[in-house]
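A note on names: the letters A, B, ... follow the listed sequences, proteins ahead of strands, and every chain is numbered from 1.
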Amino acid sequence: MARSLPKQRANAILLRLHHLYPDATCSLTYQSPVQLLVATILSAQCTDERVNLVTPALFAAYPDAATLAGCDRDHLETLIRSTGFYRNKAKHIQGACQKIVTEFNGQVPQRMEDLLTLPGVARKTANVVLAHAFGILQGVTVDTHVKRLSTRLGLTQQTDPVKIERDLMKLIPQPEWENWSIRLIYHGRAVCKARKPDCGHCAIADLCPAAGQ
DNA sequence: ATCCCGAGGG
DNA sequence: CCCTCTGGAT
């Protein structure tokens, strides 16, 4: 099975992970599209668990795009400091919110093309916001977990996230695109870890060419 | 390719 | 010490 057609294998993996993580959802906490956008920017090179540690105080102080656009940058940096890259993240969050206020009428845009004009937003962040805030499946979210697992599973030979996304969009049925990412992220955190993958306890080891290597 | 950057695990 | 965590800009 590990050597069968990639498309067959991708769907078998999806089915298996669906049973393994039936309730998997986006694990960031938020109450609006802007809050999801901010949380996703904060999640770069940082666990979602840590993001969820800082966002309650952050959103209590600055709940929407208008307040974030006008907030004190140093205070913003202080509130998000523990997520790392805090100067860049603060600049991106404030810049994105200012643009949302001035160019998008205070609302997070629902078009990929528009989202990509926001500072700190590339395809990964845009895909997360489109899928979870608006239910729009424009592409496949490719983060560090999706990249690592898709490579180990032999579903792509690419290293560029945009090319990996193209490969996955051909292998996975469109309605399952975000389910794929969410469940690979769960499996990547719990079992198929970057450092020491636990192939002995992996439910899809028989579908994986890299299992036990 | 390099930089941003803190926190936790091994 | 080194590596990794739902990346993006230069």
Side-chain angles (χ1 to χ4, degrees), chain A residues 17 21 23-30 33-55 57-58 73-100 108-109 112-134 137-153 155-156 158-165 168 172 176-198:
Chain A
L17 293 182
Y21 311 108
D23 300 319
T25 54
C26 175
S27 37
L28 296 168
T29 56
Y30 61 95
V34 191
Q35 291 189 1
L36 176 59
L37 175 65
V38 170
T40 308
I41 290 174
L42 289 176
S43 73
Q45 298 295 291
C46 174
T47 62
D48 58 311
E49 192 179 349
R50 180 151 299 281
V51 173
N52 290 336
L53 240 41
V54 310
T55 45
L58 175 63
R73 179 77 63 83
D74 289 333
H75 186 217
L76 178 55
E77 288 182 2
T78 302
L79 287 170
I80 68 172
R81 187 178 149 288
S82 69
T83 66
F85 298 161
Y86 62 91
R87 290 191 190 88
N88 281 336
K89 287 177 180 176
K91 191 193 307 176
H92 291 154
I93 288 167
Q94 188 159 49
C97 286
Q98 286 170 353
K99 193 157 187 175
I100 286 169
V108 177
M112 173 66 78
E113 179 188 353
D114 291 332
L115 282 169
L116 295 180
T117 69
L118 300 176
V121 178
R123 287 194 66 91
K124 183 260 172 180
T125 299
N127 276 325
V128 169
V129 171
L130 286 173
H132 296 282
F134 302 129
L137 299 177
Q138 179 86 25
V140 178
T141 301
V142 178
D143 69 339
T144 183
H145 293 296
V146 174
K147 177 178 180 180
R148 182 179 70 254
L149 270 66
S150 297
T151 300
R152 283 179 178 167
L153 288 164
L155 299 178
T156 181
Q158 304 296 331
T159 55
D160 174 22
V162 176
K163 293 180 181 174
I164 293 176
E165 183 181 356
L168 294 175
I172 314 293
E176 302 300 326
W177 283 353
E178 194 57 22
N179 286 331
W180 174 263
S181 299
I182 288 290
R183 297 206 160 92
L184 254 61
I185 289 166
Y186 270 66
H187 196 60
R189 282 201 293 246
V191 180
C192 192
K193 292 172 277 192
R195 187 92 58 111
K196 202 179 68 134
D198 193 1

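With the nearest nucleotide of DNA chain C identified for both A:Asp143 and A:Leu118, A:Asp143 has the one nearer the 5' end. Judged by closest nucleotide on DNA chain C, A:Asp48 is the one of A:Asp48 and A:Pro119 placed further toward the 5' end.
Side-chain atoms of A:Gln138 do not come within 3.5 Å of backbone N or O of A:Met112 as any donor-acceptor pair.
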message = Pair A:Leu28, A:Leu36 - check side chain to side chain contact (heavy atoms under 4.5 Å, CB included), show working.
response = CA-CA 7 Å; A:Leu28 296 168; A:Leu36 176 59; 4.3 Å; yes
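Look at CZ on A:Arg148: it is 9 Å from C1' on C:dT4, rounded to the nearest Å. The separation between A:Lys193 atom NZ and C:dC2 atom C1' is 17 Å, rounded to whole Å. One interatomic measurement links the two molecules: NZ of A:Lys89 to P of B:dC5, which rounds to 10 Å at whole-angstrom precision. Straight-line distance from the CD atom of A:Glu77 to the P atom of B:dC5: 8 Å, rounded to whole Å. Remark: C1' of C:dT6 and NE2 of A:His187 are 16 Å apart, rounded to the nearest angstrom. The distance between atom CG of A:Asp160 and atom P of C:dG8, rounded to the nearest whole Å, is 12 Å. Separating the CD1 atom of A:Ile41 from the P atom of C:dG8 is a distance of 9 Å, rounded to the nearest angstrom. Whole-Å rounding puts the A:Trp177 CH2 to C:dT6 P distance at 24 Å.
A stacked arrangement is assigned to A:Phe85 and the six-membered base ring of B:dC4, with a centre-to-centre distance below 5.5 Å and an interplanar angle below 30°.
Comparing B:dG6, C:dT6, C:dA9 against the side chain of A:His92 picks out C:dA9 as the nearest. Here the nucleotide nearest the side chain of A:Arg81, chosen from C:dG7, B:dA7, C:dT4, is B:dA7. With C:dA9, B:dA7, C:dC5 as the choices, the nucleotide that has an atom nearest any side-chain atom of A:Ser82 turns out to be B:dA7.
Here A:Thr141 does not reach the OP1 or OP2 of C:dT6: none of its side-chain N or O atoms lies under 4.0 Å away. Close to C:dG8, at under 4.0 Å from its OP1 or OP2, lies a side-chain N or O of A:Thr125. In terms of phosphate contacts, A:Arg195 brings no side-chain nitrogen or oxygen within less than 4.0 Å of OP1 or OP2 of C:dC5.
As rounded to the nearest Å, C:dT10 and B:dC5 have P atoms that lie 14 Å from one another. For C:dT4 and B:dC4, the C1' atoms lie 16 Å apart once the distance is rounded to whole Å. Spacing of P atoms, C:dT6 relative to B:dG10, comes out at 15 Å, to the nearest Å.
Between A:Val108 and A:Leu115 there is a side-chain heavy-atom pair separated by less than 4.5 Å. Annotation: side chain of A:Val38 is not in contact with side chain of A:Lys89 (no heavy-atom distance under 4.5 Å).
A:Arg50 comes within 4.0 angstrom of the backbone, heavy atoms only, and of no base. Counting any heavy atom pair closer than 4.0 Å across all strands shown, A:Thr83 reaches no nucleic acid atom. When heavy atoms are screened at a 4.0 angstrom cut-off, A:Val51 is found touching no nucleic acid atom at all.
Scanning atom types as modelled, no donor and acceptor separated by under 3.5 angstrom connect the side chain of A:Arg87 and the base of B:dC4.
A salt bridge links A:Arg189 with A:Asp48: the closest approach of a Lys/Arg side-chain nitrogen to an acidic carboxylate oxygen falls below 4.0 angstrom.
Side chains of A:Thr144 and A:Lys124: no donor on one and acceptor on the other come within 3.5 Å.
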